[in-house]
Each structure stands twice: as structure tokens, then as C-alpha cells.
Amino acid sequence: MELSFIFIIAVAVALFMGLNIGGNNAAASMGAAYGAKVRTKYQAVLLIGVFSVLGALIDGGEVIKTLGTGILPAGTIVLEGAIIAVAASGITVFLANILRVPISTSQAAVGSVVGIGFFYGASKINVTFIGYIISWWIITPILAWLLAYLMGKYLYTHILIWLADHHESDASIRKSLTILLTISGCYVAYSAGANNAANAVGPFVGAGIIGSAPGAIFAGLAIGLGALLMGGRVLDTVGKEITELCVIRATFVEFTAAFIVHIASIRGIPVSLGEIVAAGIIGIGCANSGMHVVKGDVVKKILIAWVVSPLLAGVIAFGLMNLI
């Protein structure tokens, strides 16, 4: 009876985390398109829901393995520890959703697993692999910013000229770009599902509670549902409160972010989609009108959250482990 109750709690915690991932990071995946006024809020969250499930199922396995057995040895985290790890990161992301800040769910998830590792003894933590993951956290937003800045500074005008030469009217150009942006947004949502499914179920896979494939399906469905229920709040922050976007710039931000996150997923590295998308939007804004157009208070709040999220999740996980 007690084991059944604990299992129900495990399912509830994983669902809670998946819902909050959908409301935070997955929602940020279409902030660019929403800011460019190509999709309505409801269209954006619906597409996120569908393609997050597909991404989690098809390409989510490697990152699930990383959070399950890559940071701590297999068997270190048992059922109770897995519940605490996912709950700690879920609480962190929930607070971010309340504050409308697109933090890194991946960093929170990694932080909570590391917090569990400190409880069992720091020697169990794969420090080398943690350093490798952190290097991806640093490089990926810088790369997104750089690519977006270069595009906005040196390619944007040439793209406009090419579009004018190959289309008969502004309406034709708009239609082509809308189709392209829809494709790119679906790709971002797919990449989000592939990378973020592990944040909800990775520790449970590591504890042997659920297999990788069933876990990916469960997490993908939870992320999709979370996008539908809670995605609108963070869409406003990413799409409208950092800088203005046009369709061409939004398309480039989405394709760049999706590609970077997809490569990370294949490599089994949990990265921050929200961080990468926001960095791309900031890069485009800097190239377009200079640093002054970026609303510093919003960016500052996001940067602080990125630093605090893994630390807070780790502290919560460590504290809860000591309590039980």
C-alpha cells in the first residue's frame, strides 16, 4: 500500500514538472513567432503541444539517459530520491512561471540531480561530465547570439532584396515567410521535446521505475499539456518584452535555436532552449538598433534566473533529502 502511494506521488511529481516545462521552456520556443505576430498565442501553444510529444518520443532518449545515469552512477537514485530530484526542479520552474521568467528547466534539473549527489557524497558526482555540460550551457547562448547578430548585421538587407526580386507582391512574401516560420517553430518545439523530456522523467529512468521510451511518451504528453495550459504567460515575456521582431528575424532565431538544441539532444546534453532563444532575440536586437533597444530590466531578470535556477534546485533537493 505504501509503495503504491509513493508511486502515485512519483507520477504526480513527473506530471507537475512536465506541465511546468511546457509552460516555460517549450512556450519560449515560439516566442519569436508570437512576437512577430505570425501566430496567435493559441496557435503557438497548440503546435508546441503536438511537436513536443514527437520530439520526446523520437529523440528524447539520450538526454534521459544523461539525467538518469550520466551524472550519478546507476542505482544511486532510488524512487524517493527521484521524486525529490524532479520535485526540486519542478518547484524552481514553477516559481519562474509565476514570475514570467523563461529560466532553464535543464539547468534546474541538472542542479537537483547534483544536489542529490552531494547528499550521497560528492565523490559520486561525475564532475568531468558536469563540466562538459556547463561548457555547453556557456557556448550555446553565445553561439545563438553571435549567429543572430551576424545575420541581422550583414545578411538581413540582402535577404530582403532577394525576397523582393523573387516575389510579385508583399502579400506573396508574407505568405512564404509565414510558412517558413511555421516550419521553423515546429522544429523548435520538436527540439524542446527531445531535450526537455529528460527533465521530467530522467531521474525515474535512472531509478529503474520506468523505461526510457515510456518515459519519453509520458513527458512529451505532459509538456504538451503544460504548453496549452500555461504557455501564454512566458510567450509574452520572450516575444514582446525583449525587443521587436519581424518575420525574417524571427525565422532565423527559431531555426538557429532549434538546430543548436537538436544537436545537443543527439549528444545527450540537457541545454536551455529558453536561454538560446532569448540570446538569439537579443543578438538580433543588437544588430538592428544597438544595445539600447534591448530592455535591460527584462534581460537582467532572465540572466539572474539562469544563474539562480540550478543553485536553487540543488539546494532544495539537498534539503529535502536531509528531511526524509
Side-chain angles (χ1 to χ4, degrees), residues 21 24-36 48 93 96 99-110 133-156 181 184-185 187-189 191-192 194-196 199 234-265 267 269-310:
I21 291 170
N24 191 280
N25 247 9
S29 69
M30 291 202 184
Y34 177 58
I48 290 166
V93 176
L99 297 173
R100 298 174 60 209
V101 177
I103 69 163
S104 169
T105 58
S106 295
Q107 291 177 3
V110 171
I133 292 173
I134 292 175
S135 70
W136 277 75
W137 290 353
I138 296 171
I139 292 170
T140 49
I142 293 174
L143 179 61
W145 183 92
L146 179 62
L147 291 175
Y149 180 84
L150 292 175
M151 180 270 173
K153 196 74 172 177
Y154 301 108
L155 295 180
Y156 179 66
L181 191 54
S184 68
Y187 183 29
V188 176
S191 298
N195 202 269
N196 292 330
N199 301 341
V234 186
L235 275 173
D236 284 328
T237 296
V238 175
K240 292 185 175 181
E241 296 182 15
I242 295 178
T243 187
E244 294 296 324
L245 288 176
C246 72
V247 178
I248 297 174
R249 295 187 180 101
T251 302
F252 190 83
V253 167
E254 289 198 342
F255 266 123
T256 301
F259 179 75
I260 292 172
V261 174
H262 194 184
I263 294 299
S265 300
R267 300 286 297 175
I269 305 299
V271 295
S272 171
L273 174 64
E275 182 176 325
I276 292 167
V277 169
I281 294 174
I282 292 169
I284 285 285
C286 292
N288 184 36
S289 302
M291 287 294 293
H292 67 279
V293 301
V294 180
K295 298 178 181 180
D297 55 337
V298 176
V299 176
K300 183 179 179 180
K301 183 168 67 171
I302 293 172
L303 288 173
I304 292 173
W306 289 344
V307 174
V308 170
S309 58

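As the structure is a prediction and not an experimental result, all values here were calculated from the model.
Taking all atoms of both residues into account, the shortest heavy-atom contact from Cys286 to Trp145 is SG-NE1, 4.0 Å. A pairwise comparison of heavy atoms in Ala144 and Ala279 identifies CB-CB, 4.3 Å as the closest pair. Nearest heavy-atom pair, Leu273 versus Ala257, reported as atom, atom and distance to 0.1 Å: CD1-CB, 4.4 Å. Taking all atoms of both residues into account, the shortest heavy-atom contact from Glu275 to Pro141 is OE2-CG, 2.9 Å. Nearest heavy-atom pair across Gly280 and Ala148 is O-CB, 3.2 Å. Taking both residues in full, the closest heavy atoms of Ala287 and Lys153 are given as CB-N, 3.6 Å, listed atom of the first, atom of the second, then distance.
Within the model, atoms CD of Gln107 and OG of Ser309 stand 5.0 Å from one another, a figure rounded to the nearest 0.5 Å. To the nearest 0.5 angstrom, Leu150 atom CG is 10.0 Å from Ile284 atom CD1. Interatomic distance, Phe259 CZ to Ile276 CD1, rounded to the nearest 0.5 Å: 12.0 Å.
In terms of modelled atom types and a separation under 3.5 Å, the side chain of Asn195 and the main chain of His262 share no donor-acceptor contact.
Exactly one of Val261, Ile263, Ile133 qualifies for a side chain to side chain contact (heavy atoms under 4.5 Å, CB included) with Val271. That residue is Val261.
With sequence neighbours left out, the side chain to side chain contact (heavy atoms under 4.5 Å, CB included) criterion links Thr256 to Leu147, Phe252, Ile260.
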